Structures are given as C-alpha cells and as structure tokens.
Amino acid sequence: MNHQGEYVLRTVEERHIRFVQLWFTDVLGTPKTFSITPAELENALEEGMTFDGSAIDGFSRVQESDVLARPDPQTFQLLPWHPDRVPVARVFCDIFNLDGTPFEGCPRHTLRRTLDRAHQAGFTFFAAPEIEYFYFADADPSHPPVAIDSGSYFDLTTSDLSSEIRKESVLTLEEMGIPVEHAQHEDAPSQHEIDLRHTDALTMADTVMTVRLVLKEIASRQGVHTSFMPKPLAGVQGSGMHTHISLSQGDTNAFSDPDDEYGLSPVAKRFMAGLLRHAPEITAVTNQWVNSYKRLVNGYEAPVHVSWARNNRSSLVRVPVVKRIESTRIEYRAPDTACNPYLAFAVVLAAGLKGIEEGYELPPEAATNLFTMTPEELAADGIRSLPGSLNEAVVEMERSELVAETLGEHVFEWFIRNKRAEWGAYKTHISQFELDRYLPML
Amino acid sequence: MGEREEEMEPLLCFPAPVSDDLTQVLERAGYPWKAVSRPEHAETDEPEDGWSGAVISADGDAQGAFALCRLLRTREVPLRPLLLLIAPNQIPELQLREDHFDDFCVLPVRPEEVAARLAHLFWHTGRGLRPELIEHGPLVLNLETYQAAVAGRVLDLTYMEYELLRFLAARPGKVFTRETLLSRVWGYEYYGGARTVDVHVRRLRAKLGEEHAHLIETVRSVGYRFGQGNWAP
Ligand SMILES: Nc1ncnc2c1ncn2[C@@H]1O[C@H](COP(=O)(O)OP(=O)(O)O)[C@@H](O)[C@H]1O
C-alpha cells in the first residue's frame, strides 16, 4: 500500500467513516456512485472494485460488461454533510478494464490523455468555470419550472431563500477545499452563478462534478430543485459554463506577453485560433443536449458566432482585461453547465493545442456587435456560426478528426449514436409551439 | 509521487573527529550524523533541509564551540535541539548562555545518558527519528495517524494538502519555491504545474481558518514559508 492509500485508510479509521462513496462519471457527465464499507476499502485501493458497466451510459461494450473502479486516493474527501447521519467520505475513481488497461469509456482517462499531450509540449492547462444554474420549486415536467424568487441582478436587498441556499452551498464547498471566487444572483429569476478559482483541469473537472452534486444536495434539503438545464425558461438567459482558461509553462503563464497590444503571447493567439477554428466541431461535446441550442441564440449574452473580442459578451472567446499578468487568460463562452466537464475540457484543450502545433493565425478581433450584422455581412467578413441545433453539431463532430482522436474511438462512436437517437426522438415530438400555432390555423 | 524522504536529516556534530563513545551512541540509536571540524562548516555543509539538530562538544575548542552555539541559535530559525557536551570545569561557562542550548552532558559521556537526552530532546521538538508528532503553535500533525488538527479542531485534508502541510511544518522558517515544493511533495509527474502549489496553499489556508491561515506565509516572488517568526517548541 502506498502512502496515499495508507493516508486514506488511516483517515477512515480515525474519523470513524462508515461508508466510502466511490464516484465516477458516465460519458454524458452524469455522476455515478456506489458505496463500500471501510472493510472493503483496502482491497478497492489495491485491486479496484469490479462492477457491471452495461447499465452505465457509454460503458457498454459487446464482449465484456465488467469493469474495474479504482479509487484515486488523491481525491479522498470527507463529505461535510452526513448522509443517513453517519460520517461518509467520497473518492473519485478511474475505470479500468479487467486486464488493468484504462477503460476507453472513462471520461477521466480521456481528459488525462489530452493533458498528457499538453504536458509533453511543456504545458499545464488551467481552467476556471463559472457555473450558472437555477433553483426551482420542483422538477415536475408537467408544468413550466417555477422560480423561487424574483430577485434581479446584484440585488442586495432580498435575503430570499435561494440566496440562503446558495450561501450554504458555498460554505459547504469551501469546507471541502473548493475555493469559490465569487457567487452572485444572476439576471434571470432564481438564477445563480458560482465562479470557481482556477486549478489544473483534471482537478477542476472533478470539482465541477462535486459542485453540481453539492448544489443539488443542499437545495434538496429545503425541498428545492437545482437545475443545470441549459435553457429552462424561455425569454430569459440560459445557464452557461463560461470557462476561463490558460496554459502555464513551469512557473509562468504561457498566455501572457505584457508587450503585446492584447497582453497575449503567440502561444495564446495560436491556442485561440485553434479553439475558434475547431469550435463548431467540439460544440456537440460542450453543448450536448437538444436544449443546449435553445441557449445559443441571439440576445441572451450567449455566443452564436465564431469570433473573439476583448469586451464583447456575445463573442465566443472573450479576452478579459487583467490586473496582473499571471491572470492572463481567455474565456470560452460556449459550454453549458450540463456538459461532461472532463470531455468538454479535453476537446477545448485539444482544439487549442492543435492551433499551437499547426501555428494557426488568429483572425482579427470582432469589432462591432455581431448581432446587428446581417447574414450577408457576416459571410462577407468570413464569420461562421456555431451549430444551430444538436443535429448540426453532431454532423460537425462526426467529420472531426480532432474530436475522434481526442475522445477515442469508443466514446466518439457511442456519443454520436446516443446523440442521433436523442435528436431522432426530438424530431418526432410534436411540441406545444406547433399545437398552439398550427392547430387553430391549419 | 516523488521520492519521499522519511529519512531524518543528519545531526551536526562538532568538532570532528567525533569521539568513539559518541559515535557509538549515535550509531546505535540510528541517528544519521555528520561532523565538521570548523564552526564555519556548519553553514557550508548544511543539508538542503537543514540539520536535524546538533551535538556540540566544548571540550576541545571551547571558544569555537560556544561561538557555534550562538551562531546556530541566533539564526532566523534557531537550530533545535542542541545538546552541549562540556568538561566539568566548564559548567560556570554556561551562565548567560542558557538560550544557546537545549540540554547538556558533562564529559566524559555516559553513552546511555547521551542517548536518553537526545531521545528526550527529539521527543520535545517532534523532529525525532521516529517523528510521530509535528507540533507548531496551535498546529499538530500526527504522522502516525495522518491526522492534523489546529487549536484542537481536526482538519479534513486531502492527501496532497496533508503532504504539503507536513512538508512545510517539518521545515519551519525555510522558504521553498513552488518548483521545489512541486518536485518534493508531488513529484514531477503531476499535471498541475507549479501553480498547483498556489491552489493547495489556498485550500490549506481556508481549512486552517482565518485565524491560523498565516501559518503558511507567502514570500513575494519566491514561494512559501511555514511559521516564520513565532516558532516555539
Ligand atoms: N491563469 C489563469 N487561468 C485561468 N483562470 C484564471 C487565471 N488567473 C485567474 N483566473 C480566473 O480569473 C478570475 C479572476 O481572477 P483574478 O486573479 O482576480 O484576476 P485579475 O488579476 O484579472 O483580477 C478567477 O475566476 C480566476 O480563477
């Protein structure tokens, strides 16, 4: 047993932990967990726990359904709340095949592989997502979602229930060692935002999973439903996961160049160029649901066009003005909070790395507000759009060598089949919109 | 994971050569040690993580020995523990030098006595051969159970947070660059890069709580230092 394993075992003993939850994530980013007792833990750490993966999205294979969950002892953490009133800890797992090779369907492996590529080029990838979400009275799909407050942006006067829940969630996150940079009420009723302090991307992907779980857990105790649905309410903003990203090289920020007009190094510019060029291909991953594309429309501070700018919140890539050169970064504004963070970070990084490897040229900054331009003007300026629907996104993805290579054949295939099926189900659905509009008229 | 140095750093012995009796005591108890023949060499020969303590004999070069004691105890982070060996007629010399050593033995040494005194001193400072506790003000790290507590409150640390705290707390007052911490605590294989250290320090400070967050000090444009200033055994 290595030191990390020993650390975990001793802590379980000392803190009288009754159950250890093994956490992992399916291909669509849904958290999965099963609990083991302290007695089983040592074996789990040494050999892993075998389980049947056939019921897990993206884990099923033709010949073999059993896989192995191996806890990553570095991620061991006591849960600040006590499910069933007993002390419980959690640990993230990597999934392996029974022969000990990494399981192709495990999103943590996918991200690790891409991080390894960055590492070989001398880079570490940092990410700081802003998690937007809603609090609703319930999750009953038979009526439209009911907001539990009516606060507006930066509204400091109301000490309403949703802000109380958010505050308690932030405290819980900090207890778990997840530093929250900033938390606030967002534009839409009952919409909130939690900004996380940047860490390496693997830690951050784990963190996003933890945050989503904590936000749901704390709210559910008040009978409130936390929703990461990208666009749950028509007419107001959806929930994005704008992600601040940078590469570092050793101790220094590889994106910064104080002498540059934008403060950006050639590495940063090529990274951006890669991200912009491949953005349509990776959108199916960063925005993976039918509903995601109801968010990516004009007028709600969500990106629609493939462009970058310094201070235009409708651009796909924003370059924030920074106070210190260490915080030089770019902000990728497409992802939504309902993505699989491992896969989303992996494809974003892969697109950026491609730009660096191939030395792509960064197109000029988008000067005017793109939303006011006509399609002809956009075309004349060579400005492309993000996919307008899940279907378009899947078509783009299917053509992408970059995404196939990054996700690996297994996940790539499975994902496309799954999303085609989702689109198929949506396409044959007759919506309220159609009934309202056509039934009386046609 | 990188190499972990559970090995104790050597004890400083002065002067070289060390008497047979003392050699035997040190060897038998298993303390690594290194003798220097001149007081200046205590600085130049110092291992990267500092001496783990000192055994200084005033029997030969009394002036050099007392000067060395002063030097070691007036450094930014005083060296502890320091065991002084003196001839019977040197007892009066200890007057007004009380803070320059932790304990003393009168020569000729009785091996069991030196061993017992060293064990006792190391038990106090927590940096002994089988270091079970690292104590620093309100912070206690139990290296056996891997538990850390500050002012009696148990901290729920992740493994790397614990390791970082252990590394720093075992070397109070020393400044480490991010790169050094990364290679010593994480090993080079880690994804995070040197900035990861900042992230962990931030988390550790949050868990220590506002009142004790200052235990880990940021040394501008260099790195981090643990528990500067108020070091008390
Ligand atoms: N190098 C970086 N890479 C990714 N995100 C970063 C980086 N530096 C800062 N951020 C993120 O940007 C936000 C603002 O950070 P801050 O340090 O206050 O920057 P500034 O110097 O611009 O005020 C935070 O969410 C932080 O996590």
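These numbers come from the heavy atoms of this one structure, side chains and all, not from hydrogens, waters or symmetry mates. Everything numeric in this text was worked out from a predicted model, so none of it was measured. Below, chains carry the letters A, B, ... as their sequence lines are ordered, and counting in each starts from 1.
With a 4.5 Å cut-off on side-chain heavy atoms, A:Glu14 and B:Tyr146 do not count as touching.
In terms of heavy atoms, A:Arg15 sits closest to B:Leu155 at NH1-O, 4.3 Å.
By the neighbour-count criterion of 12 heavy atoms within 6.0 Å, atom CZ of B:Arg75 is densely surrounded, having more than that number from other residues, nucleotides or ligands. By the 6.0 Å contact criterion, CZ on A:Arg18 is open, its count of non-hydrogen atoms from other residues, nucleotides or ligands being 12 or less. Within a 6.0 Å sphere centred on CZ of B:Phe176, other residues, nucleotides and ligands contribute more than 12 heavy atoms.
Taken to the nearest 0.5 Å, the CZ atom of A:Arg197 stands 9.0 Å off from the CG atom of B:Asp198. A distance of 6.5 Å separates CZ of B:Arg203 from OG1 of A:Thr199, quoted to the nearest 0.5 Å.
Ring geometry for B:Tyr162 versus A:Tyr7: interplanar angle of 30 to 60°, hence tilted.
B:Asp21 is linked by a side-chain contact (heavy atoms from CB on, under 4.5 Å) to B:Ser19, B:Val109, counting only residues two or more places apart in sequence or in another chain.
Proximity to chain B at a heavy-atom threshold of 4.5 Å picks out A:Glu175, A:Met176, A:Gly177 from residues 168-177 of chain A, in numerical order.
Residue B:Thr158 forms a side chain to side chain contact (heavy atoms under 4.5 Å, CB included) with just one option from A:Gln74, A:Gln77, A:Gln4, and that option is A:Gln77.
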Inset, instruction - Could you walk me through whether A:Thr11 and B:Gln147 pass the side chain to side chain donor-acceptor pair (under 3.5 Å) test, one step at a time? - result: CA-CA 7 Å; A:Thr11 302; B:Gln147 299 301 295; 3.2 Å; yes
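When heavy atoms are compared at a cutoff of 4.5 Å, A:Pro179 approaches chain B solely by way of its side chain, counted from C-beta outward. Residue contact with chain A, scored on non-hydrogen atoms closer than 4.5 Å, involves the backbone and the side chain of B:Leu157 alike.
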